[in-house]
Amino acid sequence: MNSCLFCAFNEEVEHKVYEDDIFFIVNDIRPMASRHYLAIPRKHFKYFSEMNAEDIANFGKIFAKIAEIAEDVLKIEGGYRLVINQGDNAGQTVPHLHIHILGGQKMNWDPA
């Protein structure tokens, strides 16, 4: 049995906001914005360095789909922030690469 929390979510259809063959989106259980989702690839890997060429191409599809559904499905208007943590020092708490999608409000922290 796989002990990865996000791999287990893959089986729980009722929690998904969006899904396709490559990834799914769920609400974050500890939201840091009025709209906070997690985009989770179906394939398990922790780091970008573990991805092959197909995985990288699929990540491009994930970014494109997030842009496509941000307003209609995720109900985010006026922009959003994407965050990917890589490793413990970056704050990655689940060892399955995923994208935080934050929006629905003006962000206070300017990372640039």
Side-chain angles (χ1 to χ4, degrees):
M1 176 179 213
N2 191 336
S3 62
C4 174
L5 176 66
F6 289 169
C7 288
F9 279 175
N10 195 14
E11 304 301 321
E12 297 179 23
V13 176
E14 68 272 8
H15 295 294
K16 297 174 186 165
V17 175
Y18 171 84
E19 68 177 317
D20 64 24
D21 292 343
I22 299 170
F23 80 113
F24 57 94
I25 297 175
V26 296
N27 286 295
D28 193 295
I29 62 170
R30 283 177 257 153
M32 303 302 284
S34 62
R35 300 265 190 238
H36 187 169
Y37 305 97
L38 302 176
I40 304 169
R42 291 188 185 279
K43 183 175 178 184
H44 181 91
F45 39 79
K46 181 176 180 178
Y47 299 112
F48 280 115
S49 61
E50 298 171 354
M51 297 168 74
N52 62 33
E54 181 181 11
D55 300 330
I56 292 166
N58 284 340
F59 239 75
K61 293 175 184 177
I62 292 171
F63 288 126
K65 183 55 77 170
I66 290 169
E68 179 184 322
I69 67 172
E71 288 187 23
D72 293 342
V73 175
L74 303 179
K75 307 298 184 202
I76 298 174
E77 296 179 358
Y80 53 90
R81 178 175 290 164
L82 302 178
V83 176
I84 301 172
N85 299 316
Q86 287 283 269
D88 298 336
N89 287 348
Q92 185 177 14
T93 58
V94 178
H96 185 123
L97 197 144
H98 57 284
I99 305 166
H100 292 263
I101 308 166
L102 301 110
Q105 68 184 61
K106 176 100 172 133
M107 298 290 155
N108 294 322
W109 177 63
D110 182 6

Notebook entry, point to check: In terms of the angle between their ring planes, are Phe48 and Phe59 parallel, tilted or perpendicular, with boundaries placed at 30° and 60°?
Noted result: perpendicular

query = Does Leu38 reach the side chain of His100, with side-chain heavy atoms less than 4.5 Å apart?
reply = yes

Met32 with Met107, same ILVMFWY side-chain cluster at under 4.5 Å: yes

Looking only at heavy atoms, the pair that brings Gly103 and Ala33 closest together is O-CB, 3.7 Å

Could you check whether any side-chain heavy atom of Gln92 comes within less than 4.5 Å of a side-chain heavy atom of Tyr47, counting everything from C-beta outward?
yes

Checking Arg42 side chain against Asp20 main chain: does a donor-acceptor pair fall under 3.5 Å? yes

In short, Ser34 meets Gly104 closest at the heavy-atom pair OG-O, 2.9 Å

From the list Tyr37, Phe63, Phe23, side chain to side chain contact (heavy atoms under 4.5 Å, CB included) with Ile99 holds only for Phe63

query = Are the side chains of Ile40 and Val94 in touch, meaning some heavy atoms are under 4.5 Å apart?
reply = no

- Query: Taking atom CG of Asn52 as the centre, does the number of heavy atoms from other residues, nucleotides or ligands within less than 6.0 Å exceed 12?
  - Reply: yes

Closest non-hydrogen atoms of Ile101 and Ala39, given as atom of the first, atom of the second and distance, are CD1-CB, 4.0 Å

Okay, side chain of His96, backbone of Pro41: is any donor-acceptor separation there less than 3.5 Å? yes

### Message
Under the criterion side-chain contact (heavy atoms from CB on, under 4.5 Å), I'd like the reasoning laid out for Ile25 against Val73: C-alpha separation, chi angles, the key distance, then a yes or no.
### Response
CA-CA 10 Å; Ile25 297 175; Val73 175; over 6 Å; no

- Would a 4.5 Å heavy-atom cut-off, applied to side chains only, mark Leu97 and Lys46 as touching? no

| said: Are Ile62 and Ile56 linked, directly or through intermediate hydrophobic residues, by side-chain heavy-atom contacts shorter than 4.5 Å (ILVMFWY only)? | reply: yes

Are any of the side-chain nitrogens in Lys43 or Asp55 under 4.0 Å away from the carboxylate oxygens of its partner? yes

Nearest heavy-atom approach of Cys7 to His44 is SG-ND1, 3.4 Å

Query - Within-4.5 Å side-chain heavy-atom neighbours: Leu74 and Tyr80 - result: no

NZ of Lys65 to CG of Asn58, rounded to nearest 0.5 Å, is 13.0 Å

